[in-house]
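Labels below follow one simple rule: chain letters A, B, ... track the order of the sequence lines, proteins then strands, and each chain is numbered from 1. Owing to the predicted nature of the structure, the values given are computational and were not obtained by experimental measurement.
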Amino acid sequence: MKYYPQKLESKWQAFWEKKNLFKAFEDPSREKYYLMEMFPYPSGNIHMGHVRNYTIGDVVARYKRMCGKNVLHPMGWDAFGMPAENAAIENNTHPAKWTYNNINGMKVQLKRMGFSYDWDREFATCDPEYYRWEQLIFLKMYEKGLAYKKRTHVNWCEKCQTVLANEQVENGCCWRHTDQEVSIKEMDSWFLKITDYGEDILDYCDKLPGWPERVLTMQRNWIGKSHGAIIRFPLKDSDEVIEAFTTRQDTVFGATFLCFAPEHPMVREIIKGLPEEGDVLEFVERTLKMDRYMRTADFTAKEGVFAGRYCLNPATGEKIPIFVANFVLPDYGTGAIMAVPTHDQRDFEFAKKYDLPLRVVIKPPGQDLSEETMTEAFVDQGILVNSGPFDGQRNLGALDSIAEYLESKGMGYKTVNYRLKDWGISRQRYWGAPIPIIYCEKCGTVPVPEEDLPITLPLDLDMRPNGGSPLPFSSSFFETICPNCKGKARRETDTMDTFVESSWYFDRYTCPDYTEGPLDQERVNYWMPVDQYIGGIEHAILHLLYSRFYTRVLRDFGYLKVKEPFTNLLTQGMVCKETQECPEHGYLYPQEVKEDCCVRCGTRVNTGNTVKMSKSKKNVVDPQPLIDEYGADTVRMFCLFASPPEKDLEWSDRGVDGSYRFLNRIWRLVTDHIDEITKVPVYEGKDSLPDRLKAVHRKTHQTIKKVTDDIENRFHFNTGISAVMELVNEVTQFLNSKEKKDDTAWSIIREAIETSVVLLSPVVPHITEEMWEMLGHDECLITVPWPEYREDALEVENRLIVLQVNGKVRSRIEVPVSYGEDEIEAKALADERIKHFIDGKPVRKVIVVQKKLVNVVV
RNA sequence: GCCGAAGUGGCGGAACUGGUAGACGCGCUAGGUUCAGGGUCUAGUGGGUGUAUGCCUGUGGGGGUUCGAGUCCCCCCUUCGGCACCA
């Protein structure tokens with residue numbers, strides 16, 4: 001009987017669906033296990049990254065279910081976003097139609113993979129029944145001051161035609177368009193006050209043992225907490241004061257000038273009417289025009305301009321000049337810095353360039369340092385000098401006392417600064433959740449009354465050919481009546497960042513049909529938190545940080561009881577493949593290469609690095625043809641077998657063949673011997689066995705132990721699968737051997753084979769169900785309990801002991817397990833080969849490691 | 001520049017607490033199979049050396065700790081990832 005994956009996979013998928021086997025029910029008497037993979041953006045087709053992510057999750061879901069857990073394993077769609085708008089313009093369809101078409105297609109693909117989702121909980125975030133609750137949460141945040149609007153400098157991506165959050169800017173470029181530099185625009189924007197929770201989110205980074213350390217490190221760095229002080233510099237000839245944040249208040253006596261960021265609001269104010277005004281304004285405008293990447297690139301020269309004014313160094317009382325400088329960041333600290341050229345390299349270079357004074361305030365212990373001769377800033381620790389009452393102290397030791405000194409004189413205070421800024425969520429896009437706000441000329445900004453929710457996205461709009469949002473041009477959408485004064489008013493036409501949807505979708509899976517509010521207390525409190533979350537490392541900051549923020553907000557609103565959404569996080573590696581590049585024609589698809597040459601020009605192609613699959617590198621492998629050819633089980637198995645989940649997976653067509661061959665091998669093992677196997681019961685562990693059979697029996701139970709450990713503790717499916725392969729090899733070898741095959745032997749073989757089938761079932765659920773049925777079982781494999789190994793089956797009579805002389809392996813002996821150290825040592829020293837290597841030399845020491853080895857030192 | 005992860009056969013990867021390095025799979029070699037091909041089965045497969053069931057050598061490089069190091073410590077190199085004028 002041949003293995004036909006397509007036929008048997010659709011048979012079992014239909015069976016599971018009919019029996020509703022993956023539907024989750026709330027049952028407080030059972031231990032819940034909430035497992036989730038990051039939901040996909042419905043781009044059209046599933047790609048290899050999805051296949052890998054969801055296969056890993058499915059194995060865990062099926063395994064936990066077999067272990068008796070009440071498993072929730074949902075799936076849905078991250079359905080708002082730009083690509084729908086672009087596709088709509090290109091294909092002259094509507095984003096909604098395009099999105100729902102894609103969802104339907106991808107759902108078919110996911111079902112074809114045999115994933116064990118509870119499809120009854122599926123939803124798409126573009127459904128008003130989902131985003132209405134998101135709008136409600138926004139209103140509550142607005143009420144509490146957690147959502148606010150301000151005019152500020154924001155990141156703008158020309159290709160997206162919208163504002164981006166700080167988290168969505170990578171190396172100065174848009175996270176979606178890595179070749180599009182982000183520019184700075186001043187505009188009105190809605191923000192969520194994630195900074196209110198920054199400290200708590202940071203604090204809990206130490207309380208998430210189930211998260212990968214590197215993700216936590218990235219989040220800690222992103223929050224960027226630093227201890228320092230705000231120092232107040234009085235503006236000369238004015239009552240105003242300039243505040244500067246520093247972590248080096250120990251160097252305040254050496255601050256010889258002050259720098260503003262060009263964006264700083266005081267800049268325009270203080271230069272009014274001065275001869276320098278024109279120069280300063282010209283410099284500010286020139287700097288603001290630069291895009292963010294150019295401005296912050298390390299090759300960009302540090303530049304500045306004198307602002308024509310002075311302020312007083314509060315420590316020395318001296319007047320120091322004020323500059324505007326391009327390297328000062330507007331949104332870190334206060335946007336103004338005190339410059340200490342002697343002890344900061346940037347300030348040193350700036351001072352040399354503009355011929356500004358230097359004053360040494362820290363000297364290296366036991367050495368001298370002078371302003372005239374120093375060629376770079378002295379940034380190490382040392383002893384304070386020229387620092388009034390603090391002379392002679394060690395600089396680090398004086399950090400606190402200098403802060404206190406400034407504070408006592410009203411010239412500053414100790415503080416903590418964060419790099420984390422509030423989350424900008426306004427998007428000048430159409431395909432997103434509308435922000436439920438109304439602007440009235442009389443009443444100002446007015447929240448939409450709760451009972452008017454949802455503010456639905458109108459579906460009867462045509463996309464604008466230039467790519468902008470049609471909402472500001474749709475009077476039927478934006479024209480409205482003020483809920484307060486009933487006068488004419490205008491709706492907010494910006495929509496929310498799509499990361500808002502994904503910040504709480506995991507909560508909504510627990511009660512997707514709930515109509516009384518965002519979350520059904522009873523159900524959400526039963527299932528949350530997510531026990532295991534699985535997804536790509538690319539969301540280490542973005543989605544995972546926002547979700548932690550939202551969970552805290554929802555908790556404070558009383559919707560949730562948990563503070564952290566995800567107890568355990570597994571970040572799977574990328575799916576990679578080598579690239580091929582023609583010197584003439586750039587990256588090539590595999591079919592464009594014949595015998596290592598470009599089909600177009602015949603030039604020899606260069607095989608490039610193995611990198612993440614992407615369309616632009618033309619190294620993508622579409623899973624669908626593979627599923628069609630080999631079946632879902634083979635694709636699932638290869639994804640798991642090629643490498644452990646947290647590492648990158650290198651795609652290999654040959655490797656897929658190997659997985660397919662193995663499935664054929666175990667299939668033949670079952671079908672070729674089905675009569676002999678099914679006529680005997682599974683070995684019960686009672687009859688005594690000849691050595692060879694005992695070895696098979698032992699291997700069976702060793703394999704259970706190994707596979708369980710690999711899944712339960714490490715998610716190392718690759719070694720688990722290897723272990724089952726070994727067991728199958730052992731059985732095959734036994735069957736090919738001349739050993740007698742009586743009923744006892746067949747019952748041992750039955751045990752080994754059935755164990756292999758059960759252990760493999762989370763990985764390759766279809767073929768194993770089919771074999772399980774052939775083996776005479778009528779219950780579904782998913783309801784079979786996960787096997788436990790028998791301790792007594794693991795016992796051995798003899799143990800292999802490795803014999804070493806001076807640490808080199810020279811011989812091996814078998815000894816009974818009952819042997820003590822002395823007996824093993826005696827046996828080892830009596831070994832012929834060991835005697836030969838001792839060669840009459842005096843034995844200095846003999847090390848005996850129980851159960852393992854003997855090392856003779858001569 | 002800073003932080004982190006990783007470097008093991010021709011390839012993907014094993015080796016979990018220091019104890020037989022290379023499990024398992026791919027590829028390759030030889031052979032079997034009424035063997036067209038594909039498939040499948042058996043044996044072999046880190047390198048060197050050899051008459052030898054042998055010996056030497058070997059986990060990016062160099063030191064060290066240890067009876068014993070892929071594993072622990074120090075220095076260096078390479079690759080990948082994150083952050084990067086953060087005051």
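The nucleotide whose nearest atom lies closest to any side-chain atom of A:Lys706 is, among B:C16, B:G25, B:A23, B:C16. When the nucleotides B:U40, B:G19, B:G27 are ranked by their closest atom to the side chain of A:Arg654, B:G27 comes out on top. Taking every side-chain heavy atom of A:Pro644 into account, B:G13 is the closest of B:A84, B:G13, B:C16.
In this structure, A:Asn417 reaches neither bases nor backbone, as no heavy-atom distance under 4.0 Å exists between it and the strands shown.
If you check distances only, the side chain of A:Lys302 does reach the base of B:C85 with a donor-acceptor pair under 3.5 Å.
The aromatic rings of A:Phe350 and A:Phe323 lie perpendicular to each other, with more than 60° between the two planes, well past the 30° mark.
Taking a pair to require two hydrogen-bonding distances under 3.5 Å in either a Watson-Crick or a G-U wobble arrangement, B:C80 pairs with B:G4. Base pairing of B:A23 is not made with any nucleotide, judged by Watson-Crick or G-U wobble geometry with both donor-acceptor distances under 3.5 Å. The partner of B:U40 is B:G32, judged by Watson-Crick or G-U wobble contacts that both fall below 3.5 Å. Across all strands shown, B:G50 forms no Watson-Crick or G-U wobble pair with both key distances under 3.5 Å.
A salt bridge is absent between A:Asp648 and A:Arg52; no separation between the charged side-chain nitrogens and carboxylate oxygens falls under 4.0 Å. For the pair A:Arg346 and A:Asp344, the salt-bridge criterion is met [side-chain N within less than 4.0 Å of a carboxylate O].
Counting to the nearest Å, the C1' atom of B:C67 and the CD1 atom of A:Ile834 are 14 Å from each other.
If you take atom P in B:C86 and the same atom in B:C77, they sit 24 Å apart, rounded to whole Å. Atom name P, nucleotides B:G19 and B:C76: the rounded distance is 28 Å, in whole Å.
For the pair A:Asn729 and B:G25, the criterion of a side-chain N or O lying under 4.0 Å from OP1 or OP2 is met. Between A:Arg214 and the phosphate of B:A6, there is no side-chain N or O to OP1/OP2 separation shorter than 4.0 Å.
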